[in-house]
Amino acid sequence: MPLIRKPPSPPPTGVDPPADPFAGIAAADAADRWAAARALADHPAGVLALADALSRETDVRVREAIFAGLSRAATRQSAEAVLPCLRSDDASLRTGALDALRAMPMAALPLLPQLLIDPDPDVRLLTCEVVRALPPADACALLVALLDRETEVNVCAAAVEVLSEAGDASALPALRRCAERFADAPFLGFAIKVAAQRLQASAPRA
Amino acid sequence: MPDPDPLPGLNEDEFRRLCEFVYRRTGMVFTEAKRYFVQRRVIDRMAATGAATFASYFARLRTDLDGEVEHFINAFTVNETYFYREEHQLQCLTTDLLRERTRRRSPSLPIRIWSVPCSTGEEPFSIALWLLENWPQVDAWDIEILGSDIDTRALEAAREGVYGKRALMRLPPAVIARYFEPLADGEWRLSEDIRGSVGFSPVNLVEAAQTRPHGRFDVIFCRNVLIYFDDASRRTAAENLYETLLPGGYICLGHTESMSRISPLFEVCRYADAIVYRRPLEDAHG
């Protein structure tokens, strides 16, 4: 019989979590910080330490572990911790924050109305993607309100795209009004037409 | 050409809306050619969930009410598992992955391979059989194969090593003759040697406290499970898998899955027989 053997006894050495993740998250070595970030995600007091670390972390993989930990915690505090990254000039940081918020939509929900009226149109645009993860009624209410006041065509386009998946027929009047306000933006008109068709198609049939 | 058999409850716009969501959520792509196939299964799921309209079903699916995403995916995927499933990855294991893993290491160190989730054992036993049949160096190395699953009943069945004819359908007759004994009721039992060569353990992939004790592996087969997880769980599972790989170790996913959509931790490796993912060699994270 060739050498395929039963797993050895005693079992192999396991992977040890760091002894002190609160110290490890500030370590010089990125590997130590990565392990600490993962450990803090499971610690009751870990969110604050992760939030603090996120503001200064430069290693992409450690940042990813911090975002994953914060979204796993899924508290208002952890959602608030990632918000500053939505304004970052670093695309990976913005994307990481967006993914983290999408992964904890209900924790992010109380923060979304304010984000959707943020002075920065990029923040409003990204927030539309977070809304996508919400239940239909919440998503529809937030995006219909946005469409009726929004002045940036690209933000409207993002909202329309999300509504075409997450919305329902109650969004149709707001879509029509938006199309009228941006009559000189043919791409938005086309997006609204497609979204309206989809929402109409799923409306209760008489 | 008109729709050959339009079905109630799913029109063209609904079909596209569904497809876009499914792609974003799971990576599964349904083209227009699959429309009838998709419609049938959606209608089945609407009936099963009591959804009167597509809109109400789609809302259920999007919010994963009562685990509907899993039910939906199951309706589209081959749930039965069998020996030598996705054989191209086994070919890649012996042609490329083990060659890389054994290039600069001492034969005194065992090669560790993890099949997770392993269900009722077909995959880890397939790995054992494939290595015995197809890897000339099999006698030169200690090889440890471990199968793990969250379902302890499946693990019990795996330890029994008894399979029906369908599970063996892809195995060459000579392999069946060599490693299986026929039982009276049309089933087959794996030889004791093979059963003894694979260990089994329970694990929940999103719990680091459960993955860590398994140690580190050279190759992990993690096929068709991440597709079921939500975004947060998928990322946590990816980190746990990363942590249990040795630097330079490989992970093989199902053919509809992409680690690049989940985590930036891994490198993509394109080999002749399969695309797999690797923990960077120089990386000491975790």
Side-chain angles (χ1 to χ4, degrees), chain A residues 1-8 11-17 29-35 37-39 41-42 59-65 67-69 71-72 74 92 96 99-100 102-104 132-137 139 164-166 168-169 194-195 197-205, chain B residues 11-14 16-17 20-21 24 52-56 58-59 62-63 110 112 128 131-132 135 138-146 193-194 196-201 206 208-209 211-216 230-236 238-240 242-244 263-265 283-286:
Chain A
M1 188 71 191
L3 292 175
I4 294 183
R5 294 182 180 172
K6 278 188 176 179
T13 308
V15 181
D16 292 325
D29 185 47
D32 293 336
R33 298 200 302 279
W34 186 83
R38 283 172 45 72
D42 294 324
D59 184 286
V60 172
R61 282 177 284 193
V62 179
R63 280 202 314 227
E64 180 72 16
F67 280 131
S71 54
R72 199 169 163 195
S92 77
D99 287 344
R102 275 195 299 219
M104 50 174 161
R132 189 193 291 274
L134 293 174
S164 73
E165 177 194 309
D168 58 35
V194 171
Q197 276 175 354
R198 291 187 181 184
L199 300 183
Q200 189 70 59
S202 292
R205 283 140 185 145
Chain B
N11 60 40
E12 185 175 340
D13 287 309
E14 289 167 339
R16 289 186 181 163
R17 197 176 180 194
E20 287 174 13
F21 168 75
R24 213 169 28 71
T53 63
F54 171 78
S56 61
F58 190 57
R62 287 189 66 253
T63 53
R112 304 191 72 229
L131 293 179
L132 288 170
W135 196 41
V138 71
D139 280 327
W141 296 86
D142 283 350
I143 303 166
E144 184 190 334
I145 302 171
L146 185 66
D193 280 345
I194 300 297
S197 71
V198 175
F200 292 99
S201 68
V206 296
T211 55
R212 283 177 177 145
H214 290 83
R216 289 202 164 103
D230 63 25
D231 284 348
S233 303
R234 198 178 286 152
R235 266 192 223 112
T236 301
E239 288 185 349
N240 290 342
Y242 178 88
E243 192 178 54
T244 51
S263 167
L265 290 169
D283 185 34
H285 284 71

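By convention in this document, chain letters (A, B, ...) are assigned in the order of the sequence lines, proteins followed by strands, and residues within each chain are numbered from 1.
For A:Ala74, no part sits under 4.5 Å from any heavy atom of chain B, backbone or side chain. Residue A:Ala137 does not touch chain B at all, counting heavy-atom pairs closer than 4.5 Å. Of the atoms belonging to A:Arg132, heavy atoms from both backbone and side chain fall under 4.5 Å from chain B.
If you tally non-hydrogen atom pairs under 4.5 Å between each of A:Gly69, A:Pro17, A:Ala100 and chain B, the highest count goes to A:Pro17. When A:Arg33, A:Arg38, A:Gln197 are compared by the number of non-hydrogen pairs under 4.5 Å with chain B, A:Arg38 comes out ahead. With respect to chain A, the highest number of heavy-atom pairs below 4.5 Å among B:Glu12, B:Arg17, B:Arg16 belongs to B:Arg17.
Nearest heavy atoms, A:Glu165 versus B:Phe21: OE2-CD1, 3.3 Å. Nearest approach of B:Thr63 to A:Pro135, heavy atoms of both residues: CG2-CA, 3.9 Å.
Residues passing the side-chain hydrogen bond (donor to acceptor under 3.5 Å, both in side chains) test with B:Ser201, sequence neighbours excluded: B:Ser148, B:His214.
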For a salt bridge (charged side-chain N to carboxylate O under 4.0 Å, His left out) check, start with the C-alpha distance between A:Arg72 and B:Glu239, then their side-chain angles and the critical distance, and finish with the verdict. CA-CA 13 Å; A:Arg72 199 169 163 195; B:Glu239 288 185 349; over 6 Å; no
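Rounding to the nearest 0.5 angstrom, the gap separating the CZ atom in A:Arg198 from the CG atom in B:Asn11 is 10.5 Å.
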